[in-house]
Amino acid sequence: MLLTLLILATLILAAFAHSQWQAHRIATRFPNSGEMVDVGGFQMNCVHIRPDGTADLPPIVFIHGAGGNLLDQLHAFQPALDGRAEMLFVDRPGHGYSERGGPANARPDGQADAIARLMDKRGISRAIIVGHSFGAAIVASLALRHPERTEGVVLLAPATHPWPGGVDWHITLATLPLVGWLFANTAVIPLGLRRIDRVTQTIFWPNPRPKDYVANTAPHLVLRPATFLNNAVDVANLHADVTQVAPRYAEISAPTVIITGDQDEIVLADIHSRGLASSIVGSELLWIGNLGHKPDYVVTDLVVAAIEKISGKPRDLQKIARRAEARLTIKGPTTDLPYTPVRPSEPI
């Protein structure tokens, strides 16, 4: 029995040491390109881009989804909006290179408050807030808690309402006492590194993932033990959080555009997107055929048009949406993926 315990302890220590080494390699491969800003007791990481000339759009704040970091939204939108607006790309608390902060940051409301403080620190008094997936829940909280900061909101494939079923197995495992810590510190990195290519293609399905997406957006960062555990807690808490907050969405007064795809099998658009559209008076729902979970990359032009409309420019979003839909329909679903798509439990 003693020998068995010694062997088991040795294997755990070896797996722990290997994970720490791999986490260091990930950080070395994807170093922080942002700026750390104190927001009251902890630091948040951001990329703050000011236009060189005269901007024709108000400031824009971008909030990434679960498992992501600010690079995800930066590579989607900086090329499309460069020079047109002041832009703030944010690592949510405990993600990317942002510190976690206190227990309030395990919930969308706390993260919304932290982002509002970050806006203050960067001199942004009011902005259009864009959020993808889990990030949309934080955008909704920000619009409810800080309406004076919210010029308008754009919600992309949002995860904002209670959904049937649970969360993926690795989320449940990671939130178990001690077992979750051991899992995150021994098994997550070797398992995750083998699955990154497949999972990121699945998130885009049925649309093709950009070839440079993984290299540009560093999804590897979420595999680091502390970040993985923060992400697991966020996702595990979300159902209870949105159950409590969703009845208040009718209080959102900011101009709102919701962009979603009928092929999104990461979050259930009928529940989340239609639910938002029915709650928020005056909101505009753009329902796109043959679009999956990544409108930020697949229909970037439509998202930009939504930002433009909120800023006061005349834009027929339904017409633009139909053009985007026709573009996707012509190409059809991705049929040359080197695997059979496996759709993870929501939300991402």
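Given the structure is predicted, the values throughout are model-derived calculations rather than measurements.
With contacts defined as side-chain heavy-atom distances shorter than 4.5 Å, the pair V233/L229 does not qualify. Two residues are said to be in side-chain contact when any heavy atoms from C-beta on lie closer than 4.5 Å; V304 and L302 fail this criterion. Put simply, the side chain of L142 does not reach to within 4.5 Å of the side chain of V61, judged on heavy atoms. Using a 4.5 Å heavy-atom cutoff, the side chains of I258 and S283 are in contact. Side-chain contact check for L238 versus P108: some heavy-atom pair is nearer than 4.5 Å. Counting heavy atoms from C-beta on, the side chains of T217 and V214 never come closer than 4.5 Å. Taking the side chain as every heavy atom from C-beta outward, W205 and Q263 approach each other to under 4.5 Å. Residues L276 and P158 form a side-chain contact, since some pair of their non-hydrogen atoms from C-beta on lies under 4.5 Å apart.
Between D212 and N216, the side chains place a donor N or O and an acceptor N or O closer than 3.5 Å (distance only, hydrogens not considered). With 3.5 Å as the limit, one finds no donor-acceptor pair spanning the side chains of N207 and Y297. For the residue pair N290 / D262, no side-chain donor-acceptor distance below 3.5 Å is found, with atom types taken as modelled. A donor-acceptor contact closer than 3.5 angstrom links the side chains of T227 and R224. With 3.5 Å as the limit, one finds a donor-acceptor pair spanning the side chains of D296 and Q73.
When all heavy atoms are compared, the tightest approach of V299 to I259 is CG2-CG2, 4.4 Å. Here the closest non-hydrogen pair linking G96 and N69 is CA-CB, 3.9 Å.
Atoms CE and SG, on M36 and C46 in that order, are 9.5 Å from each other to the nearest 0.5 Å. Atoms CG and CD1, from N231 and I171 in turn, are 5.5 Å apart once rounded to the nearest 0.5 Å. In this structure, CD1 in I203 is found 7.0 Å from NE2 in H293, a value given to the nearest 0.5 Å. The line from CZ of R122 to CE of M87 is 16.0 Å long, rounded to the nearest 0.5 Å. Atom-to-atom distance recorded for L88:CG and L70:CG is 9.0 Å, nearest 0.5 angstrom. Going from atom CD of Q43 over to atom CD of E99 covers 5.0 Å, rounded to the nearest 0.5 Å.
Under the 6.0 Å cut-off for aromatic ring centres, F62 and H132 do not qualify, their centroids lying 6.0 Å or more apart. Taking the six-membered ring where the residue is Trp, the centroids of H18 and W21 are separated by under 6.0 Å. Ring pair F30/H220: centre-to-centre distance below 6.0 Å. The aromatic ring centroids of F89 and F77 lie 6.0 Å or more from each other.
Hydrophobic cluster membership differs between V281 and V153, with clusters built from Ile, Leu, Val, Met, Phe, Trp and Tyr side chains linked at under 4.5 angstrom. In this structure, I189 is not a member of the same hydrophobic cluster as L13, with clusters built from ILVMFWY side-chain heavy atoms closer than 4.5 Å.
A 6.0 Å sphere centred on CD of E35 holds more than 12 heavy atoms belonging to other residues, nucleotides or ligands.
Looking at K309 and D316, no side-chain N of the basic residue comes within less than 4.0 Å of a carboxylate O on the acidic one, giving no salt bridge. By the 4.0 Å N-to-carboxylate-O rule, R327 lies close enough to D301 to be salt-bridged with it.
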Task: Working for side-chain contact (heavy atoms from CB on, under 4.5 Å), residues T202 and E265 - done: CA-CA 9 Å; T202 297; E265 297 195 21; over 6 Å; no
- [ ] Walk me through it: do L182 and F16 pass the test side-chain contact (heavy atoms from CB on, under 4.5 Å)?
- [x] CA-CA 8 Å; L182 284 172; F16 177 83; over 6 Å; no
Task: Audit row: D241, D109, side-chain contact (heavy atoms from CB on, under 4.5 Å) steps and yes/no - done: CA-CA 9 Å; D241 291 334; D109 283 356; over 6 Å; no
Task: Derivation and outcome, salt bridge (Lys or Arg N to Asp or Glu O under 4.0 Å), residues R145 and E251 - done: CA-CA 10 Å; R145 297 169 71 86; E251 300 172 27; over 6 Å; no
- [ ] In sequence, state the C-alpha distance, the side-chain angles, and the governing distance for I49 and V47, and then conclude on side-chain contact (heavy atoms from CB on, under 4.5 Å).
- [x] CA-CA 6 Å; I49 300 173; V47 170; 3.8 Å; yes
TODO: Could you give me the CA-CA distance, side-chain angles and deciding distance for R84 and E308, then say whether salt bridge (Lys or Arg N to Asp or Glu O under 4.0 Å) is met?
DONE: CA-CA 10 Å; R84 298 191 61 190; E308 291 172 335; 2.7 Å; yes
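For D264, the salt bridge (Lys or Arg N to Asp or Glu O under 4.0 Å) test picks out no residue, with sequence neighbours left out. For D234, the salt bridge (Lys or Arg N to Asp or Glu O under 4.0 Å) criterion is met by R92, R100, not counting sequence neighbours. Contacts of R117 classified as side-chain hydrogen bond (donor to acceptor under 3.5 Å, both in side chains), with partners at least two apart in sequence or in another chain: none. The salt bridge (Lys or Arg N to Asp or Glu O under 4.0 Å) check on E86 picks up nothing, with sequence neighbours excluded.
For residues 177-189, the set of pairs meeting the side-chain hydrogen bond (donor to acceptor under 3.5 Å, both in side chains) definition, not counting sequence neighbours, comprises Q20-N185. Within the structure, side-chain hydrogen bond (donor to acceptor under 3.5 Å, both in side chains) contacts touching residues 273-282 (residues at least two apart or in different chains) are T260-S273, D270-R274.
The only option from R209, K294, R195 that meets the side-chain hydrogen bond (donor to acceptor under 3.5 Å, both in side chains) definition with T200 turns out to be R209.
Ring pair F183/F228 is perpendicular by interplanar angle, where above 60° counts as perpendicular and below 30° as parallel. The aromatic rings of H272 and W163 lie tilted to each other, with the angle between the two planes from 30° to 60°.
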